[in-house]
Amino acid sequence: SQELEQSPQSLIVQEGKNLTINCTSSKTLYGLYWYKQKYGEGLIFLMMLQKGGEEKSHEKITAKLDEKKQQSSLHITASQPSHAGIYLCGAGPRGSSNTGKLIFGQGTTLQVKP
Amino acid sequence: NAGVTQTPKFQVLKTGQSMTLQCAQDMNHEYMSWYRQDPGMGLRLIHYSVGAGITDQGEVPNGYNVSRSTTEDFPLRLLSAAPSQTSVYFCASRSRGNEQFFGPGTRLTVL
(Lines give C-alpha, C1' and ligand atoms only; values in the text may rest on other atoms or scores of the structure.)
Protein backbone atom coordinates (compact mmCIF):
# COMPACT_ATOMS: atom_id res chain seq x y z
CA SER A 1 0.00 0.00 0.00
CA GLN A 2 1.07 3.57 -0.55
CA GLU A 3 2.62 5.56 2.27
CA LEU A 4 3.35 9.26 2.58
CA GLU A 5 6.20 10.54 4.72
CA GLN A 6 6.37 14.22 5.64
CA SER A 7 9.48 16.04 6.80
CA PRO A 8 10.14 17.70 9.05
CA GLN A 9 7.57 16.58 11.62
CA SER A 10 7.69 19.98 13.27
CA LEU A 11 9.21 23.33 12.47
CA ILE A 12 9.72 26.58 14.38
CA VAL A 13 10.72 29.62 12.32
CA GLN A 14 11.12 33.32 12.93
CA GLU A 15 8.58 35.55 11.24
CA GLY A 16 9.82 36.61 7.82
CA LYS A 17 11.88 33.48 7.20
CA ASN A 18 11.31 31.05 4.32
CA LEU A 19 10.62 27.37 4.92
CA THR A 20 10.01 24.14 3.02
CA ILE A 21 7.97 21.07 3.92
CA ASN A 22 8.47 17.84 1.98
CA CYS A 23 6.12 14.96 1.24
CA THR A 24 7.64 11.73 -0.09
CA SER A 25 5.59 8.87 -1.44
CA SER A 26 6.47 5.17 -1.52
CA LYS A 27 4.76 4.92 -4.91
CA THR A 28 4.11 7.15 -7.91
CA LEU A 29 1.82 10.03 -7.10
CA TYR A 30 -1.35 10.50 -9.14
CA GLY A 31 -2.69 13.66 -7.64
CA LEU A 32 -1.12 15.29 -4.60
CA TYR A 33 -3.10 17.52 -2.26
CA TRP A 34 -1.90 19.97 0.35
CA TYR A 35 -4.08 20.96 3.29
CA LYS A 36 -3.64 23.23 6.27
CA GLN A 37 -5.22 22.66 9.67
CA LYS A 38 -5.48 25.06 12.58
CA TYR A 39 -5.38 23.34 15.95
CA GLY A 40 -8.81 21.96 16.84
CA GLU A 41 -10.31 22.82 13.48
CA GLY A 42 -11.01 21.18 10.16
CA LEU A 43 -8.79 21.00 7.09
CA ILE A 44 -8.49 23.81 4.59
CA PHE A 45 -7.61 22.92 1.01
CA LEU A 46 -4.49 24.69 -0.29
CA MET A 47 -3.47 23.18 -3.63
CA MET A 48 -3.75 20.14 -5.86
CA LEU A 49 -0.95 18.95 -8.17
CA GLN A 50 -1.41 16.31 -10.81
CA LYS A 51 1.33 16.49 -13.39
CA GLY A 52 5.03 15.81 -12.93
CA GLY A 53 6.90 19.12 -12.78
CA GLU A 54 3.73 21.04 -11.96
CA GLU A 55 4.06 24.07 -9.71
CA LYS A 56 1.28 26.16 -8.20
CA SER A 57 1.31 29.25 -6.04
CA HIS A 58 -1.22 30.97 -3.84
CA GLU A 59 -0.19 34.14 -2.09
CA LYS A 60 3.12 33.24 -0.40
CA ILE A 61 2.76 29.47 -0.65
CA THR A 62 4.21 27.47 -3.56
CA ALA A 63 3.83 23.74 -4.09
CA LYS A 64 5.73 21.57 -6.56
CA LEU A 65 5.43 17.99 -7.74
CA ASP A 66 8.75 16.60 -8.89
CA GLU A 67 9.25 15.15 -12.38
CA LYS A 68 9.34 11.56 -11.16
CA LYS A 69 6.11 12.19 -9.25
CA GLN A 70 7.20 10.67 -5.97
CA GLN A 71 7.82 13.83 -3.98
CA SER A 72 6.17 17.16 -3.41
CA SER A 73 7.39 20.24 -1.60
CA LEU A 74 5.51 23.13 -0.04
CA HIS A 75 7.45 26.36 0.24
CA ILE A 76 6.38 29.38 2.28
CA THR A 77 8.06 32.69 1.57
CA ALA A 78 8.39 35.37 4.25
CA SER A 79 6.42 33.41 6.85
CA GLN A 80 3.82 35.13 9.02
CA PRO A 81 2.10 34.08 12.27
CA SER A 82 -1.01 33.35 10.18
CA HIS A 83 0.91 30.52 8.48
CA ALA A 84 1.14 28.59 11.74
CA GLY A 85 -0.70 25.28 11.84
CA ILE A 86 -0.45 21.68 10.70
CA TYR A 87 0.26 21.02 7.03
CA LEU A 88 -0.82 17.69 5.58
CA CYS A 89 -0.18 16.16 2.21
CA GLY A 90 -2.68 13.70 0.75
CA ALA A 91 -2.54 11.40 -2.27
CA GLY A 92 -4.18 8.42 -3.79
CA PRO A 93 -3.23 5.41 -5.89
CA ARG A 94 -3.72 5.44 -9.63
CA GLY A 95 -7.39 5.85 -10.32
CA SER A 96 -8.10 7.35 -6.92
CA SER A 97 -9.70 10.32 -8.62
CA ASN A 98 -12.48 7.86 -9.36
CA THR A 99 -12.80 6.62 -5.80
CA GLY A 100 -12.02 9.42 -3.37
CA LYS A 101 -9.65 7.03 -1.60
CA LEU A 102 -6.98 9.40 -0.37
CA ILE A 103 -4.31 8.72 2.21
CA PHE A 104 -2.41 11.35 4.17
CA GLY A 105 1.01 11.96 5.65
CA GLN A 106 1.42 12.35 9.38
CA GLY A 107 1.49 16.13 9.16
CA THR A 108 4.06 18.89 9.78
CA THR A 109 3.43 21.29 12.65
CA LEU A 110 4.60 24.81 11.90
CA GLN A 111 5.11 27.52 14.51
CA VAL A 112 6.01 31.06 13.46
CA LYS A 113 7.56 33.26 16.14
CA PRO A 114 6.73 36.97 15.89
CA ASN B 1 -24.11 25.64 0.35
CA ALA B 2 -23.41 24.38 3.86
CA GLY B 3 -20.61 22.16 2.53
CA VAL B 4 -19.82 19.13 4.71
CA THR B 5 -21.55 19.08 8.08
CA GLN B 6 -20.88 16.75 11.00
CA THR B 7 -22.76 16.13 14.22
CA PRO B 8 -22.13 16.04 17.08
CA LYS B 9 -19.05 18.23 17.57
CA PHE B 10 -18.15 16.57 20.84
CA GLN B 11 -19.14 13.22 22.36
CA VAL B 12 -18.18 11.24 25.44
CA LEU B 13 -19.02 7.54 25.53
CA LYS B 14 -18.48 4.72 27.98
CA THR B 15 -16.79 1.55 26.82
CA GLY B 16 -19.30 -0.72 25.12
CA GLN B 17 -21.78 1.99 24.18
CA SER B 18 -22.84 2.46 20.59
CA MET B 19 -23.38 5.64 18.64
CA THR B 20 -23.59 7.09 15.15
CA LEU B 21 -21.57 10.03 13.88
CA GLN B 22 -23.55 11.91 11.28
CA CYS B 23 -22.15 13.39 8.08
CA ALA B 24 -23.98 15.22 5.31
CA GLN B 25 -22.96 17.16 2.22
CA ASP B 26 -25.06 19.33 -0.08
CA MET B 27 -22.66 19.54 -3.03
CA ASN B 28 -23.92 16.40 -4.81
CA HIS B 29 -20.49 14.80 -4.48
CA GLU B 30 -20.14 11.15 -5.46
CA TYR B 31 -17.33 10.30 -3.07
CA MET B 32 -17.46 10.45 0.70
CA SER B 33 -14.95 9.28 3.29
CA TRP B 34 -14.39 8.96 7.02
CA TYR B 35 -11.01 9.57 8.63
CA ARG B 36 -9.72 9.54 12.15
CA GLN B 37 -6.93 11.81 13.30
CA ASP B 38 -4.62 10.87 16.15
CA PRO B 39 -1.52 12.76 17.37
CA GLY B 40 1.54 12.03 15.24
CA MET B 41 -0.39 9.77 12.85
CA GLY B 42 -2.02 12.19 10.47
CA LEU B 43 -5.34 11.20 8.96
CA ARG B 44 -6.16 7.52 8.56
CA LEU B 45 -8.93 6.38 6.24
CA ILE B 46 -11.67 4.32 7.95
CA HIS B 47 -14.26 3.75 5.22
CA TYR B 48 -15.15 5.40 1.95
CA SER B 49 -17.97 5.40 -0.58
CA VAL B 50 -18.06 6.03 -4.32
CA GLY B 51 -21.81 6.50 -4.46
CA ALA B 52 -25.12 5.61 -2.88
CA GLY B 53 -25.22 1.93 -1.98
CA ILE B 54 -21.45 1.41 -2.42
CA THR B 55 -18.93 1.42 0.42
CA ASP B 56 -15.47 -0.01 0.97
CA GLN B 57 -12.91 -0.35 3.73
CA GLY B 58 -9.98 1.97 4.24
CA GLU B 59 -6.83 1.54 6.33
CA VAL B 60 -8.46 1.14 9.78
CA PRO B 61 -12.03 -0.20 9.36
CA ASN B 62 -12.26 -2.49 12.40
CA GLY B 63 -14.88 -1.44 14.93
CA TYR B 64 -16.72 0.83 12.49
CA ASN B 65 -19.65 0.33 10.12
CA VAL B 66 -20.93 2.62 7.39
CA SER B 67 -23.81 2.78 4.95
CA ARG B 68 -24.67 5.14 2.11
CA SER B 69 -28.39 5.08 1.40
CA THR B 70 -28.40 8.56 -0.18
CA THR B 71 -25.85 10.72 -1.99
CA GLU B 72 -26.01 13.30 0.79
CA ASP B 73 -25.51 11.23 3.94
CA PHE B 74 -22.71 8.94 5.12
CA PRO B 75 -23.08 7.98 8.80
CA LEU B 76 -20.34 6.21 10.75
CA ARG B 77 -21.43 3.70 13.40
CA LEU B 78 -19.49 2.53 16.41
CA LEU B 79 -21.19 -0.66 17.56
CA SER B 80 -19.27 -1.15 20.81
CA ALA B 81 -17.01 1.77 21.64
CA ALA B 82 -13.49 1.11 22.94
CA PRO B 83 -10.96 3.55 24.46
CA SER B 84 -8.77 3.00 21.37
CA GLN B 85 -11.48 4.76 19.37
CA THR B 86 -10.89 8.02 21.20
CA SER B 87 -9.97 10.36 18.38
CA VAL B 88 -11.07 13.22 16.17
CA TYR B 89 -13.22 12.04 13.29
CA PHE B 90 -13.46 13.87 9.97
CA CYS B 91 -15.91 13.30 7.19
CA ALA B 92 -14.98 14.39 3.67
CA SER B 93 -16.53 14.54 0.23
CA ARG B 94 -15.31 15.23 -3.27
CA SER B 95 -16.32 15.06 -6.88
CA ARG B 96 -14.25 13.25 -9.50
CA GLY B 97 -10.87 14.85 -10.12
CA ASN B 98 -11.40 17.66 -7.64
CA GLU B 99 -10.25 18.53 -4.18
CA GLN B 100 -11.66 16.89 -1.08
CA PHE B 101 -13.75 19.01 1.28
CA PHE B 102 -13.65 18.23 4.98
CA GLY B 103 -16.21 18.70 7.71
CA PRO B 104 -15.35 20.44 11.01
CA GLY B 105 -14.74 17.17 12.87
CA THR B 106 -16.20 15.29 15.84
CA ARG B 107 -14.10 14.91 18.99
CA LEU B 108 -14.91 11.54 20.54
CA THR B 109 -13.74 10.37 23.96
CA VAL B 110 -14.35 6.80 25.09
CA LEU B 111 -13.94 6.23 28.81
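Just the heavy atoms: all of them, side chains too, but no hydrogens, waters or symmetry mates, feed the values below. Protein chains get the first letters and strands the later ones, always in sequence-line order, with residue 1 at the start of each.
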Discussion item. Using 0.5 Å steps for rounding, measure from the OH atom of Tyr33(A) to the CD atom of Glu99(B).
Written reply: 8.5 Å
Worksheet item: What residue among Leu43(A), Ile103(A), Leu102(A) forms side chain to side chain contact (heavy atoms under 4.5 Å, CB included) with Leu43(B)?
Response: Leu43(A)
Item to complete: Examine Tyr89(B) and Phe101(B) and state if one hydrophobic cluster contains both, with Ile, Leu, Val, Met, Phe, Trp and Tyr joined whenever side-chain heavy atoms are less than 4.5 Å apart.
Response: no
Fill in: Within one Ile-Leu-Val-Met-Phe-Trp-Tyr cluster: Val88(B) and Val4(B), side-chain cutoff 4.5 Å
no
Fill in: Contact class of Leu88(A) relative to chain B, heavy atoms under 4.5 angstrom
side chain
Worksheet, complete the sentence: Most heavy-atom pairs under 4.5 Å with chain B, out of Glu41(A), Gln6(A), Gln37(A), belong to Gln37(A)
Worksheet item: For the rings on Phe45(A) and Phe102(B), is their centre-to-centre separation under 6.0 Å?
Response: no
Worksheet item: If you count the non-hydrogen atoms of other residues, nucleotides and ligands that lie under 6.0 Å from CD in Gln9(A), is the total more than 12?
Response: no
Worksheet item: Taking everything shown except Lys38(A) itself, do over 12 heavy atoms lie less than 6.0 Å from its NZ?
Response: yes
Item to complete: Below 4.5 Å from any heavy atom of chain A, which atoms of Glu59(B) appear? Answer side chain, backbone, both or neither.
Response: side chain
Worksheet item: In the single-linkage hydrophobic clustering (I, L, V, M, F, W, Y; side-chain heavy atoms under 4.5 Å), do Leu78(B) and Met32(B) co-cluster?
Response: yes
Practice prompt. Pull out the residues in residues 105-114 of chain A that come under 4.5 Å of chain B, heavy atom to heavy atom, sorted by number.
Written response: Gly105(A), Gln106(A)
Fill in: Contact winner vs chain A - Gln37(B), Glu30(B), Arg44(B), heavy-atom pairs under 4.5 Å
Gln37(B)
Fill in: Same apolar cluster (I L V M F W Y, side chains within < 4.5 Å links), Ile44(A)/Ile61(A)
no
Discussion item. Test of understanding: clusters of I, L, V, M, F, W, Y form through side-chain heavy atoms closer than 4.5 Å, transitively. Do Val60(B) and Val66(B) belong to the same one?
Written reply: yes
Discussion item. Tell me whether Tyr35(B) contacts the main-chain N or O of Phe104(A) through its side chain, where contact means a donor paired with an acceptor under 3.5 Å.
Written reply: no
